[in-house]
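We count ligands from 1, going down the list as the structure has it; atoms in each ligand are counted the same way.
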Amino acid sequence: MRAIRKRKGNAMDLVLKGGTIVGESGAYEGDIGVKNGSIAAICAPGSGLEGKTTIDVTGKLVLPGAIDVHVHMEIPFCGTVSSDDFTSGSIAAAFGGVTTMIDFAIQTRGEKLVEAVEKRKKIAAAKSAIDFGLHCGITDWNERTREEMKEIVDAGIPSFKLFMIYREEGWMADDGVMFECFEEAASLGATVCVHAENPYIIDVFTRRSIEAGRTDAVQQSLSRPNFSESEAVERAIYLASISGARVYIVHMSTSDAARIVEEWLACGYPAFAETCPQYLMLNNRAFEGADGHLYATCPPIRYEADCEYLWGAVADGSIQVVSTDHCSFTRKQKDLWGGDFRKIPFGLPGVETLLPLLLTHGVDAGRFSLERLVELLCANPARLFGLYPKKGVIRVGSDADLIVIDPEREMEVTPESLHMKCDYSPYDGGALRGFPDITIQRGRIIVRDGQFLGRAGDGRFLKRAAHGGNSNG
Ligand code: URP
Ligand code: ZN
Ligand code: ZN
């Protein structure tokens, strides 16, 4: 890192000088001035802009902080609790260049949505080192729940989550629930995020695996054939289209599902989708060997052809967002499977490696541009989830959530080099570029040269706007 100059009595609190500023529509050289947590000036190089702290970032990339719209910190799930809590997960996020995350407040049976949200918000606010929002997971549909949706939207949570699976967890929404929830969401300008898999098809294939005497890890994938996702995606969007609700397919994993979303979008229907690095980077060979069970997640890791198709969809814009579905379990927790694929805690660590994976295997591999990276990880998530232009863009007036990346610096991924509370990563052994030298949240440097300088509990709850409006929080 280059020299820091400090000056007293200057207008700006912080100046990043001489970096390559990357936006979704282009990259240019310039200086960024930050005041009171917001971007206050963007000037041509050599402008003379100085701050109380001035950092020369010549030769470095300056991007908006990434937004991970799909994480599960300390979630009780599959008989255990995911290993990253809001503190460890948010610190790991900051090391990976993520400055905003959206987690889930999932209603339990009999619980009011407002109670679920308040409970989760309190935990996250006390512990998170980065700004956060919440989606509201609906699991107990009744007239009170329907009426409450407006209150949730008005409280800054304009996105709901429905699970088409997870009967045992008591989370599953049937077609009737989905249909009515879509109706209400449409009238409120809210987005419904859907985990789309068909549980009945999964039951059939699970039974077949068991009847064949197979409980090994690869059955987690084989028992959830590709069409168990694509059928559910088609059905979810079709049901949403009756009322016109905006629908967002989470962690989309198959090429067939991606084609379906593309077709609806091409007809002008507001159907959007995210995929995750695991569906781009990994394929069913991951299940080979003694560690195969570590890769179990829902939907499962698919096939080489799916990865290639999804990379194309991410590059051409037919998938709008890449998030992580970060849900980490340690090796010990994954060991709960005891040789039976039905008992593996489902989920993978990922919040820290999101941006480096996409920079290395997306941009550096020539699959898409840096601008597209910013669209996928910053601008699109902010737009789709009511945070734009407060977050996701480098613009005067926006929050000064910025990351500084040395495009030449490579880091080997090992459990020791990462900060997630997890003793493995699916990407261990690989070398990645894109881990930021500096991460800035609302003008405060929270990571610098491998040191965490932020504070647990400093992350703010973000009130988000329903679609059509701008962020108000
Ligand atoms: O296996 C996964 N993805 N675990 C997290 C819960 C979910 O379905 O997103
Ligand atoms: Zn899910
Ligand atoms: Zn998830």
Side-chain angles (χ1 to χ4, degrees), residues 67-85 89 93 98 101-108 120 132-139 159-173 178 191-199 202 206 217 219-221 223-224 228-229 232-233 236 247-254 257 273-282 286-287 292-302 321-330 333-334 336-337 341-351 354 381 385 420 422 426:
I67 301 171
D68 188 346
V69 298
H70 189 158
V71 300
H72 303 279
M73 303 304 171
E74 52 186 284
I75 182 181
F77 188 53
C78 297
T80 181
V81 178
S82 63
S83 58
D84 268 306
D85 65 6
V98 171
M101 61 183 177
I102 309 187
D103 201 285
F104 297 81
I106 302 175
Q107 174 194 34
T108 52
R120 195 80 175 149
F132 67 94
L134 292 171
H135 305 287
C136 181
I138 292 180
T139 62
S159 49
F160 297 89
K161 170 81 174 281
L162 293 177
F163 298 92
M164 294 171 80
I165 61 161
Y166 298 140
R167 217 173 352 201
E168 287 76 24
E169 275 76 10
W171 292 355
M172 192 174 106
M178 285 205 295
T191 299
V192 182
C193 305
V194 181
H195 176 139
E197 284 187 281
N198 182 321
I202 294 169
T206 302
Q219 304 305 314
Q220 197 266 329
S221 171
S223 63
R224 309 172 102 90
S228 66
E229 177 181 74
V233 166
V247 60
Y248 178 88
I249 305 298
V250 298
H251 49 42
M252 195 168 64
S253 64
T254 60
E274 65 180 22
T275 190
C276 310
Q278 53 269 34
Y279 304 118
L280 297 166
M281 297 289 301
L282 305 174
F287 294 102
H293 64 291
L294 297 181
Y295 295 88
T297 192
C298 286
I301 302 303
R302 304 291 183 178
V321 172
V322 182
S323 72
T324 64
D325 192 16
H326 176 88
C327 187
S328 59
F329 296 104
T330 61
Q333 288 177 298
K334 287 278 189 185
L336 288 171
W337 85 302
F341 73 95
R342 292 169 296 178
K343 297 189 186 140
I344 312 177
F346 298 135
L348 295 172
V351 72
L354 169 67
F385 289 101
M420 296 177 283
C422 195

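Two residues are said to be in side-chain contact when any heavy atoms from C-beta on lie closer than 4.5 Å; Leu348 and Asp325 fail this criterion. You'll find the side chain of Ile106 stays beyond 4.5 Å of the side chain of Lys161, heavy atoms only. A heavy-atom distance below 4.5 Å is not found between the side chains of Trp171 and Gln107. The closest side-chain heavy-atom distance from Pro199 to Ser228 is not below 4.5 Å.
Of the polar atoms of Phe163, none of the N or O atoms is found under 3.5 Å from an N or O of ligand 1, judged by distance alone. The shortest N or O to N or O distance between Asp325 and ligand 1 is below 3.5 Å.
Ligand-side atoms of ligand 1 in range of His195: 8 (O), range being under 4.0 angstrom from any heavy atom. For ligand 1, the atoms sitting less than 4.0 Å from at least one non-hydrogen atom of Cys298 are 1 (O), 2 (C), 3 (N), numbered in the order shown with element in parentheses. Counting atoms of ligand 1 from 1 in the listed order, those under 4.0 Å from a heavy atom of Phe346 are 1 (O), 2 (C), 4 (N). Close contacts of ligand 1 with Thr297, meaning ligand atoms under 4.0 Å from a residue heavy atom, involve 1 (O), 2 (C), 3 (N). Ligand 1 places these atoms under 4.0 Å from at least one heavy atom of His70: 9 (O). Atoms of ligand 1 lying under 4.0 Å from at least one heavy atom of Phe77, given by number and element, are 4 (N), 5 (C), 6 (C).
Side-chain polar atoms of His326 and Asp68 form no donor-acceptor pair below 3.5 angstrom. If you check the side chains of Glu229 and Ser253, you find a donor sitting under 3.5 Å from an acceptor.
In terms of heavy atoms, Cys78 sits closest to Glu169 at N-OE2, 3.9 Å. Smallest separation of non-hydrogen atoms from Val321 and Pro381: CG2-N, 4.0 Å.
The nearest N, O or S atom of Cys327 is not closer to the Zn ion (ligand 3) than 2.8 Å. In summary, His251 places an N/O/S atom under 2.8 Å from the Zn ion (ligand 2), meeting the contact criterion.
Contact annotation: for Cys327 versus ligand 1, heavy atoms closer than 4.0 Å belong to the side chain alone.
Of all N, O or S atoms in His195, the one lying closest to the Zn ion (ligand 2) is ND1. Taking the Zn ion (ligand 3) as reference, the nearest N/O/S atom within His70 carries the name NE2.
To the nearest 0.5 angstrom, Met420 atom CE is 12.5 Å from Ser82 atom OG. In this structure, OG1 in Thr324 is found 7.5 Å from NE2 in His70, a value given to the nearest 0.5 Å.
The protein heavy-atom contact nearest to atom 8 (O) of ligand 1 is Tyr166 OH, 2.6 Å.
Considering the Zn ion (ligand 3) as centre, the angle to NE2 of His72 and to OD1 of Asp325 is 100° (10° rounding).
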